[in-house]
Amino acid sequence: QLALALVEIWVTSARARREAELSLLAEEAGVAAPKLLSQQRKLALVRLELVKFVSDVGKAIFDCELYFAHEGVFIGCALFSGILSTHK
């Protein structure tokens with residue numbers, strides 16, 4: 001699960017960079033407001049997804065029973081991921 005979370009972070013961060021570049025290009029090109037807003041919303045959702053995957057790393061560290069894992073981090077990450085998944 002830890003390896004999957006790390007791969008998801010890597011892939012999603014690449015998507016976030018691409019969406020950020022597209023948003024910047026759209027702003028510079030003077031794209032119409034509705035399309036620009038749509039692109040910015042896409043970027044926000046990709047960033048939100050990235051934060052959820054980072055939270056999954058916190059859960060995975062506890063699941064792997066690493067020596068530095070803390071149950072409080074696991075509970076906090078699980079709660080955060082659950083709320084984020086529900087309201088996404």
Side-chain angles (χ1 to χ4, degrees):
Q1 200 174 29
L2 181 59
L4 176 64
L6 293 174
V7 169
E8 287 174 331
I9 288 171
W10 182 66
V11 170
T12 306
S13 64
R15 276 185 50 212
R17 275 193 299 274
R18 188 181 71 224
E19 293 294 334
E21 289 172 2
L22 288 174
S23 291
L24 185 62
L25 288 174
E27 285 178 23
E28 290 174 352
V31 174
K35 289 194 178 220
L36 181 60
L37 184 61
S38 173
Q39 181 60 35
Q40 289 172 341
R41 285 182 182 156
K42 265 191 212 177
L43 175 59
L45 285 175
V46 170
R47 286 179 175 163
L48 202 59
E49 188 176 19
L50 182 59
V51 170
K52 184 200 170 296
F53 291 144
V54 170
S55 176
D56 287 346
V57 169
K59 293 187 321 183
I61 287 173
F62 185 78
D63 286 342
C64 292
E65 298 178 2
L66 298 175
Y67 72 95
F68 55 86
H70 189 271
E71 190 174 7
V73 173
F74 174 78
I75 292 170
C77 289
L79 179 64
F80 180 74
S81 292
I83 291 170
L84 194 61
S85 294
T86 303
H87 292 87
K88 187 175 146 187

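What you see is a predicted model, and the numbers here were worked out from it, not measured in a lab.
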Participant: Which residue pairs satisfy the ring-ring contact (aromatic ring centres under 6.0 Å, His included) criterion with at least one member in residues 28-69, sequence neighbours excluded?
Facilitator: Phe62-Phe74

Participant: How long is the gap from CG on Asp63 to CD on Gln1, to the nearest 0.5 Å?
Facilitator: 5.0 Å

Participant: Specify the closest pair of heavy atoms between Lys59 and Ala78, including all atoms of both residues, with the distance to one decimal.
Facilitator: CD-CA, 3.5 Å

Participant: Step by step, would you call Leu43 with Arg47 a side-chain contact (heavy atoms from CB on, under 4.5 Å)?
Facilitator: CA-CA 6 Å; Leu43 175 59; Arg47 286 179 175 163; 3.7 Å; yes

Participant: Of all residues at least two apart in sequence or in a different chain, which pass the side chain to side chain contact (heavy atoms under 4.5 Å, CB included) check with Glu21?
Facilitator: none

Participant: Check the hydrophobic clustering (I, L, V, M, F, W, Y; side-chain heavy atoms under 4.5 Å; chains of links allowed) and say if Leu79 and Val54 are grouped together.
Facilitator: no

Participant: Enter the distance from Thr12:OG1 to Arg17:CZ here, rounded to the nearest 0.5 Å.
Facilitator: 10.5 Å

Participant: Can you name the residues that form a side chain to side chain contact (heavy atoms under 4.5 Å, CB included) with Val73, not counting sequence neighbours?
Facilitator: His70, Cys77

Participant: My understanding is that only residues two or more places apart in sequence, or in another chain, count here; which of them pass side chain to side chain donor-acceptor pair (under 3.5 Å) with Arg15?
Facilitator: Glu49

Participant: Would a single hydrophobic cluster contain both Leu66 and Val57, if residues Ile, Leu, Val, Met, Phe, Trp and Tyr are joined by side-chain heavy-atom contacts under 4.5 Å?
Facilitator: yes

Participant: Could you work out, with side chain to side chain contact (heavy atoms under 4.5 Å, CB included) as the rule, every residue matching Ala16, not counting sequence neighbours?
Facilitator: Val46

Participant: Would you tabulate the side-chain donor-acceptor contacts of residues 26-39 under 3.5 Å, counting partners in other chains and residues two or more places apart, or write 'none'?
Facilitator:
unit_1: Glu27; atom_1: OE2; unit_2: Gln40; atom_2: NE2; d: 3.2
unit_1: Gln39; atom_1: NE2; unit_2: Glu19; atom_2: O; d: 3.3
unit_1: Gln39; atom_1: NE2; unit_2: Glu19; atom_2: OE1; d: 2.5

Participant: So how far is it from Ile9 CD1 to Asp56 CG, rounded to the nearest 0.5 Å?
Facilitator: 8.0 Å

